[in-house]
Amino acid sequence: MLPGLLTALLVFAADQLSKIYVMDLMKDGAIIVLTPFFSIIQAWNTGISFSMFKDGGMAGTAILSLIALGVVIFLLRWMYVEKCKMVQISLGMIIGGAIGNLADRIRYGAVYDFLDFHIGTHHWPAFNIADSFICIGAFLIIVYGLFVAKNKEEK
C-alpha cells in the first residue's frame, strides 16, 4: 500500500504546486501560447470532467465533492487489499488527482484548469495535472486488467 500512498502524495503535491505556479503566472488573465496547438489558459470548472454538470451551483459543488470523497475512500480500500504494486501506484495516481481536484473544489468552489490543447479554433476541454494523472492511472489499471492479470490467470 505504501507505494500507492506515496504516489498519491506526490501527485497531489505536483498538482497543487502547478496550480499555484500557473495562478501566479496568470494574474493578468493572459493566454500563454506555447505552440500552435498548446496554450496555458485560466479556466474554472464547476462541473466534472470536461465541464459536464457545471450549472449546479453550491449544491452541485457539495454533491460533486461528496462523490469525489466517496470514490477516494473506495479506491483507498481497494489499494489496501491490492497485492500488485503497479495497480497500487496506478490507484495512487487516481487518488492523488482526485484529492487535488477536491481541494480546489473545497477552497475555490471550482477546479482550476490550465492546459489547453487545440487545433485552430477547436479546443479540447482544458484540464490540469490532476486530470492527467487520473487518466494515466485509469489507463494503467485497464491495461493491467486486460493483459497482465489475464495472463497470470492462464498460467
Side-chain angles (χ1 to χ4, degrees), residues 3-4 6-76 78-79 86-150:
L6 290 174
T7 301
L9 181 63
L10 289 172
V11 168
F12 174 76
D15 174 64
Q16 293 298 294
L17 290 172
S18 68
K19 289 173 181 172
I20 289 167
Y21 176 76
V22 173
M23 280 183 201
D24 187 56
L25 191 66
M26 303 292 288
K27 282 182 186 172
D28 61 359
I31 295 173
I32 301 170
V33 178
L34 298 174
T35 70
F37 58 87
F38 177 66
S39 303
I40 303 292
I41 65 168
Q42 185 164 284
W44 290 97
N45 182 357
T46 57
I48 58 173
S49 300
F50 312 121
S51 296
M52 292 186 296
F53 311 118
K54 64 181 177 181
D55 299 324
M58 286 301 290
T61 298
I63 290 168
L64 292 175
S65 296
L66 288 173
I67 291 170
L69 187 58
V71 168
V72 166
I73 291 168
F74 170 80
L75 295 175
L76 282 168
W78 178 3
M79 185 191 297
M86 187 194 99
V87 174
Q88 290 176 7
I89 290 167
S90 300
L91 289 167
M93 289 179 188
I94 298 168
I95 291 166
I99 293 172
N101 284 341
L102 179 61
D104 285 6
R105 235 178 254 297
I106 291 168
R107 193 174 23 218
Y108 307 116
V111 175
Y112 187 71
D113 292 328
F114 56 89
L115 301 171
D116 177 41
F117 283 92
H118 52 87
I119 298 174
T121 60
H122 303 285
H123 293 259
W124 184 258
F127 59 100
N128 58 44
I129 302 297
D131 299 333
S132 300
F133 276 104
I134 290 169
C135 290
I136 293 167
F139 175 77
L140 291 173
I141 289 171
I142 291 168
V143 168
Y144 178 83
L146 288 175
F147 301 108
V148 179
K150 186 177 180 179

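- Residue pairs meeting the salt bridge (Lys or Arg N to Asp or Glu O under 4.0 Å) criterion with at least one partner in residues 7-17, sequence neighbours excluded, are D15-K19.
- Considering every non-hydrogen atom in both V11 and G96, the closest pair reads CG1-C, 3.7 Å.
- The CG atom of L102 lies 9.0 Å from the CG atom of L66; values are rounded to the nearest 0.5 Å.
- Across every non-hydrogen atom of I129 and S18, the tightest pair is CG1-OG, 3.2 Å.
- Note: L9 CG to I99 CD1 = 9.5 Å, rounded to the nearest 0.5 Å.
- For the side chain to side chain donor-acceptor pair (under 3.5 Å) test with N128, the passing option among N45, D104, N101 is N101; the others fail.
- Between F147 atom CZ and I142 atom CD1 the span is 10.5 Å, to the nearest 0.5 Å.
- Distance check: L76 CG to L91 CG gives 9.0 Å after rounding to the nearest 0.5 Å.
- Of the inter-residue distances, the one linking R105 atom CZ with I67 atom CD1 reads 9.5 Å to the nearest 0.5 angstrom.
- Under the rule for a side-chain hydrogen bond (donor to acceptor under 3.5 Å, both in side chains), the partners of Q42 that lie at least two apart in sequence or sit in another chain are Y112.
- I94 contributes atom CD1, which lies 8.5 Å from atom CG of L140 (distance to the nearest 0.5 angstrom).
- Under the rule for a side-chain contact (heavy atoms from CB on, under 4.5 Å), the partners of F37 that lie at least two apart in sequence or sit in another chain are T35, F117.
- Across every non-hydrogen atom of S39 and H118, the tightest pair is OG-NE2, 3.2 Å.
- Evaluation of the ring pair (Phe, Tyr, Trp, His ring centres under 6.0 Å) rule for Y108 yields W44 as partners, not counting sequence neighbours.
- Considering only residues two or more places apart in sequence or on other chains, L17 meets the side-chain contact (heavy atoms from CB on, under 4.5 Å) condition with none of them.
- Summarising the geometry of I134 relative to G97, their closest heavy-atom pair is CD1-C, 3.7 Å, with the distance given to 0.1 Å.
- Shortest non-hydrogen contact noted between A103 and F12 is CB-CE1, 4.1 Å.
- Heavy-atom minimum distance, Q88 versus P3: OE1-CD, 3.5 Å.
- Looking at residues two or more places apart in sequence or on another chain, you find a side-chain contact (heavy atoms from CB on, under 4.5 Å) between I40 and V22, M26, I32, L34, F38, F114, L115.
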